[in-house]
Amino acid sequence: MKTKLVLWGSNAQEEKVLIALELVAEDSTVKVYTFPEHSVTEEFYKLLLEEWRNGKAVEFPDGYAIEERPLSVSSRLLPDHLKVEREDIIVRAQTEWHFIILSAKLNDAYKSELEDLKDRISKLNKFESGVWEELKGFWAKVQGQVRERNLFREHADTLRDMTNTLFSDLKQLRSKMDDEFKKTSEENRKAFMERLSAVEEKINKGMRLQSIFDELKNIQRNFRNTKFTKEHRSKVWEKLDGTFKIVKEKRFGPGANQDRSPVERLQKRFQGLLAAIEKMERSIKRDEDDLSFQKRKIERTDGQLEAQIRQAKIKMIEERIRSKKEKLSEMLTTKVELEQKMETLQKKEKERAEREKIQLAKKEAEKKIAEDIKQAAKASYDEKSEALAKAAAVLNTDAKETASEAPKAEPEPEAKTETKGESFLSAAAATLGEAFTDVVDTVKAVAEVMEDKLEDAVEEIVDEVKERMKPKSEPVKPAAETTKTPEAESEEE
């Protein structure tokens, strides 16, 4: 938005004047320059339009007047004695300049807030996440104003550069802190590894396992409260877990470290917690009974010293009860957490078992289908093979009977014999053809299910059927030859 305006108008004497308006945002005022028409040259008018309005300095001629007026939305921007032809231009400039002043004030407020952050960051000796989050919140707030166009681009660019500088300073502090954290983590890792190595030496020397186990538990508690990098924590935990397993194996035997499901491990821990809760409740009950006894006794105390002793006992018991109740409260909280974990794990375990059951049933069904197909193919093959064998046997028997009866035939036995032989051959061929067709159809039906696995089997069955057909049909030929008439034999002689 332009902060300078040039237009023609008139004064109280109805004389034409050139009016130039300049916004002074810092003071929320507007400077009104008026130039008599006779003092305005064409060159000066162009300088005002092309250079002065764009922020460049221009020398004004003699005879001009200047007046400062406060910028207000309600009052008129020009003095009453000045009039212009386009009053709407003045009104529009007045509203725009009012927005410019408000935006500048918002920018100043953000700059002031940023200066405070800069001062705080310069005094930091180490990285603080709270300051980092505060700076992020500040920049998010600035971005929101930029999106709504409540800040000008040059203001937003300046604030962004200042904010980026502060982010860089915080990143340097964080990098320094990370280096120190890695160094501390490495020192902690070495210390824990040395403690665990010392424990392993005690195990090898055959020292008492219970004391070693207690020491490992103490190391484990310290491990949970010690800061490590992810890599160092993993290495220390691997060493600690391995040492625990060695101790358990020596205490409870080789089966102590058998892998259990997460549900089983959680249930075992839950049962131990229930036992500890019950024990703690009994202990609290005993202390409460003891407290009641001491309070009854103090009411009937004779001497002041005895009363003081009993009062001290009461305070000791009350403190003991308070401490135990705190532990009991922690146990009950842990109990609720374990119940929730067990419920979640049991649900997951049930879902996993269902998936395994479905997969197993699917595999069993596939196996059964394959076995049924195999048995069906075998049974069909055996049945058709038996039919082929019977048909071949019938053909062989008929052929032999025909051959034995041939010399006793009538003068024209040839035609009868041939007719009979043809009938047998036709019957055999029909039987073999049907049997062969049934075998092929059955095998093809099976092959559609078994797909590629049974294609070779079909070819083998077909070849075997063809081989069976060849030797069974050969004995028919000699029988036909023996049915020749005496006239045919004499002709051959």
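Quick caveat: nothing in here was measured; it's all calculated off a predicted structure.
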From Thr165 OG1 over to Leu114 CG, what is the distance, rounded to the nearest 0.5 angstrom?
9.0 Å

Could you tell me if the side chain of His98 sits less than 4.5 Å from the side chain of Leu102, heavy atoms only?
yes

Do Gln267 and Gln271 have side-chain N/O donor and acceptor atoms under 3.5 Å apart?
no

Just list the side-chain donor-acceptor pairs under 3.5 Å for residues 142-157, sequence neighbours left out, or say none.
from   : atom 1 : to     : atom 2 : distance (Å)
Gln145 : OE1    : Asn150 : ND2    : 2.8
Glu148 : OE1    : Asn150 : ND2    : 3.2
Asp157 : OD1    : Arg160 : NH1    : 3.0

Ring-plane angle category for Trp132 and Phe167, please: parallel below 30°, perpendicular beyond 60°, tilted otherwise.
perpendicular

Could you tell me whether the side chain of Lys324 reaches within less than 4.5 Å of the side chain of Asp287, counting heavy atoms only?
yes

Without swapping roles, check the side chain of Arg69 against the backbone of Leu77 for a donor-acceptor pair under 3.5 Å.
yes

Phe213 side chain reached by Arg208 side chain, heavy atoms, under 4.5 Å:
no

With a 4.0 Å cut-off on N to O distance, would you call Arg120 and Asp116 a salt bridge?
no

Can you check whether Phe192's main-chain N or O pairs, donor with acceptor, with Arg189's side chain at less than 3.5 Å?
no

Pick one: which of Glu319, Glu288, Glu318, Glu281 meets salt bridge (Lys or Arg N to Asp or Glu O under 4.0 Å) with Lys325?
Glu288

Here's one to test your reading of the geometry: is the NZ or CZ of Arg296 within 45 degrees of the ring axis of Phe293 and under 6.0 Å from its centre?
no

Do side-chain atoms of Asp290 reach the backbone of Arg286 as a donor and acceptor pair under 3.5 angstrom?
no

